Protein chains: 2
Amino acid sequence: MAVTDEAIEKIKGMIVSGALRPGDRLPKESELAAELGLSRNSLREAVRALSLIRILDVRQGDGTYVTSLDPQLLLEALSFVVDFHRDDTVLEFLAVRRILEPAATAMACARIDDAALDALGAQLDALGPRPSVEELVACDLEFHRRIVQAAGNSVLCSLLDGLSGPTTRARVWRGLTQEDAVSRTLHEHRAILGALRDRDVEAARSWATVHIASVEQWLRSTL
Amino acid sequence: MAVTDEAIEKIKGMIVSGALRPGDRLPKESELAAELGLSRNSLREAVRALSLIRILDVRQGDGTYVTSLDPQLLLEALSFVVDFHRDDTVLEFLAVRRILEPAATAMACARIDDAALDALGAQLDALGPRPSVEELVACDLEFHRRIVQAAGNSVLCSLLDGLSGPTTRARVWRGLTQEDAVSRTLHEHRAILGALRDRDVEAARSWATVHIASVEQWLRSTL
DNA sequence: CCCGTCGATACATCCGATGTATGGCCTCAT
DNA sequence: ATGAGGCCATACATCGGATGTATCGACGGG
């Protein structure tokens with residue numbers, strides 16, 4: 001194995017074993033390079049790679065640190081990878097989202113508190129009667145993110161965030177051509193919120209399914 | 001933004017825009033570096049980072065190529081990230097798997113063909129009466145992978161593969177302390193296979209849920 | 001006590017040189 | 001004519017050093 005890959009594995013090992021904890025600072029480049037037995041250039045390649053997937057955080061003039069390693073950082077790495085996939089796999093991503101989103105909504109139904117419900121309602125109200133496509137998509141993303149956060153599973157939250165990215169992008173690209181898509185989306189959001197307010201788990205799950213399915217159907221017809 | 005990050009974005013852009021297609025060969029280091037306006041060392045950092053997440057494939061003495069970009073490569077990058085998460089988040093990963101696995105099993109129920117069913121049965125039969133923990137875990141992993149593959153969604157398949165990794169690892173670490181865990185696992189596998197054979201979607205989904213839930217319960221009690 | 005300056009530190013970037021693995025071509029024996 | 005083997009050009013791998021630049025903390029003036 002190449003020295004750089006070795007270095008990646010060693011740094012990974014130091015973190016996984018607990019020798020390096022989240023927030024810890026790594027020895028400076030030259031020292032770490034000497035310690036691992038390679039040149040600074042090669043070490044930098046390893047550090048850069050781990051930095052791309054948010055394992056390390058390098059700050060010029062300061063040092064290199066281990067990130068929080070929150071599952072949330074999984075999101076960014078995931079969405080980066082997801083960006084490389086073309087339209088033909090977007091439907092597969094959406095199919096996965098169709099599985100996760102209703103489940104997350106159902107989980108949220110039992111856990112979401114009144115303050116969060118009010119915040120959701122306020123967010124929907126904040127959207128004007130004739131929103132732009134960008135506004136609508138941003139609102140949609142935020143609406144679902146808040147609900148999933150209420151489900152209390154950060155892995156699930158990050159995953160859905162990463163999966164929603166490409167869908168959203170596809171939607172913006174295509175420009176939401178369907179006439180009634182806007183009003184239908186808003187109506188479905190209201191319905192989901194209503195089910196959450198009623199603590200009606202099955203209704204929440206069903207509305208979430210309908211919501212994703214309608215996006216899927218639209219995407220399939222325009223793709 | 002740093003020159004290396006710029007280079008990463010530019011290379012990403014070349015791939016996403018279609019200027020570079022899967023399997024294409026990149027210009028050699030020195031040329032690409034000149035083209036992007038940076039040094040070879042900095043370019044190498046960018047290439048190394050993209051290589052870690054399986055976007056690029058560098059072959060010494062040959063050249064640097066764009067990988068197939070199959071969703072399957074998402075798997076490896078994901079599992080690499082997942083490795084960094086400690087036991088306390090394993091339950092969250094398992095909760096997500098508990099959502100996905102039953103859905104995938106249900107999808108497979110409608111699509112799996114007889115040959116695949118026979119292969120599943122043969123695989124279960126191949127396991128001896130007193131398998132080692134490693135054998136059992138490997139069998140479990142393979143069993144579920146085959147089913148999920150039959151579901152026909154490569155994104156879902158890769159995702160579950162990545163999620164199953166840490167669970168499996170935790171299971172091996174803990175050594176499957178529960179006495180009847182082995183026989184119960186085998187029994188549940190048989191039940192899932194039986195439901196698939198009967199084309200009984202709801203039974204398949206339920207058995208898959210029970211299966212994951214039992215792992216979850218066990219993990220929760222030993223953690 | 002607050003704020004601006006200055007210097008030490010550490011990463012950012014580059015250059016040039018050498019090592020090494022790969023693939024293809026060429027030669028030679030059969 | 002064909003196949004095996006070796007030779008060589010190519011491209012990545014790795015290194016060491018030099019210089020630029022951002023950050024943080026100490027110090028001193030207002």
Side-chain angles (χ1 to χ4, degrees), chain A residues 1-15 19-69 73 76-77 80, chain B residues 1-15 19-69 73 76-77 80:
Chain A
M1 188 188 298
V3 288
T4 302
D5 296 304
E6 271 181 50
I8 291 177
E9 287 301 321
K10 284 179 183 171
I11 295 174
K12 176 180 176 180
M14 285 192 278
I15 295 174
L20 284 175
R21 303 188 149 278
D24 277 2
R25 176 179 175 162
L26 274 68
K28 64 178 182 182
E29 279 186 344
S30 56
E31 287 179 12
L32 186 56
E35 194 175 318
L36 298 182
L38 39 62
S39 73
R40 278 202 342 281
N41 275 329
S42 302
L43 173 65
R44 279 181 58 78
E45 290 180 20
V47 169
R48 173 71 67 176
L50 290 173
S51 155
L52 178 68
I53 57 176
R54 316 297 162 128
I55 301 297
L56 298 180
D57 178 25
V58 295
R59 306 175 201 162
Q60 181 178 169
D62 185 358
T64 302
Y65 299 81
V66 179
T67 66
S68 66
L69 295 182
L73 66 78
E76 310 198 35
F80 188 92
Chain B
M1 190 188 298
V3 290
T4 302
D5 295 303
E6 271 181 50
I8 291 176
E9 287 301 321
K10 284 179 183 171
I11 296 174
K12 176 180 176 181
M14 285 192 278
I15 296 174
L20 285 174
R21 305 190 148 277
D24 277 1
R25 176 181 176 160
L26 273 66
K28 65 178 180 181
E29 279 186 341
S30 55
E31 286 179 11
L32 186 56
E35 193 175 319
L36 299 181
L38 40 58
S39 73
R40 275 205 357 273
N41 272 330
S42 301
L43 173 66
R44 278 181 59 78
E45 290 180 20
V47 170
R48 173 72 67 174
L50 290 172
S51 152
L52 178 68
I53 57 176
R54 316 296 163 126
I55 301 297
L56 297 180
D57 178 25
V58 295
R59 305 175 201 162
Q60 181 179 166
D62 185 358
T64 302
Y65 299 81
V66 180
T67 65
S68 67
L69 295 183
L73 65 79
E76 308 198 36
F80 188 92

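Values in this document were obtained by computation on a predicted structure and should not be read as measured data.
- For the segment residues 39-53 of chain A, residues with any heavy atom less than 4.0 angstrom from an atom of DNA chain D are, sorted by number, A/Ser39, A/Arg40, A/Asn41, A/Ser42.
- Contacts with DNA chain D (heavy atom under 4.0 Å) in residues 55-62 of chain B: B/Val58, B/Arg59, B/Gln60, B/Gly61, B/Asp62, listed by number.
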Item to complete: In sequence, state the C-alpha distance, the side-chain angles, and the governing distance for B/Lys12 and B/Glu9, and then conclude on side-chain contact (heavy atoms from CB on, under 4.5 Å).
Response: CA-CA 5 Å; B/Lys12 176 180 176 181; B/Glu9 287 301 321; 4.1 Å; yes
Item to complete: Would you check, one step at a time, whether the test side-chain contact (heavy atoms from CB on, under 4.5 Å) holds for A/Ile55 with A/Ile11?
Response: CA-CA 10 Å; A/Ile55 301 297; A/Ile11 295 174; 6.0 Å; no
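- Side-chain atoms of A/Arg25 come within 3.5 Å of backbone atoms of A/Asp62 as a donor-acceptor pair (strictly under, hydrogens ignored).
- When rounded to the nearest whole Å, the span between CD1 of B/Ile8 and P of C/dT13 equals 11 Å.
- Remark: P of D/dT10 and CZ of B/Arg25 are 12 Å apart, rounded to the nearest angstrom.
- Whole-Å rounding puts the B/Lys28 NZ to D/dA13 C1' distance at 16 Å.
- One atom, CD of A/Glu29, and another, C1' of D/dA22, lie 14 Å apart when rounded to the nearest Å.
- Side-chain N or O atoms of A/Thr67 include one that pairs as donor or acceptor with a backbone N or O of A/Arg54 at under 3.5 Å.
- OP1 and OP2 of C/dA10 both lie 4.0 Å or more from every side-chain N or O belonging to A/Ser30.
- To the nearest 0.5 angstrom, B/Glu29 atom CD is 9.0 Å from B/Asn41 atom CG.
- The distance from the OG1 atom of A/Thr4 to the CG atom of A/Leu43 is 8.5 Å, given to the nearest 0.5 Å.
- At D/dA11, none of the side-chain N or O atoms of B/Thr64 fall inside 4.0 Å of OP1 or OP2 (strictly under the cut-off).
- Minimum interatomic distance between B/Ile53 and B/Leu73 (heavy atoms only, all atoms of both residues): O-CD1, 4.0 Å.
- Pairing each heavy atom of A/Pro22 with each of A/Ser68, the nearest pair is CB-O, 3.7 Å.
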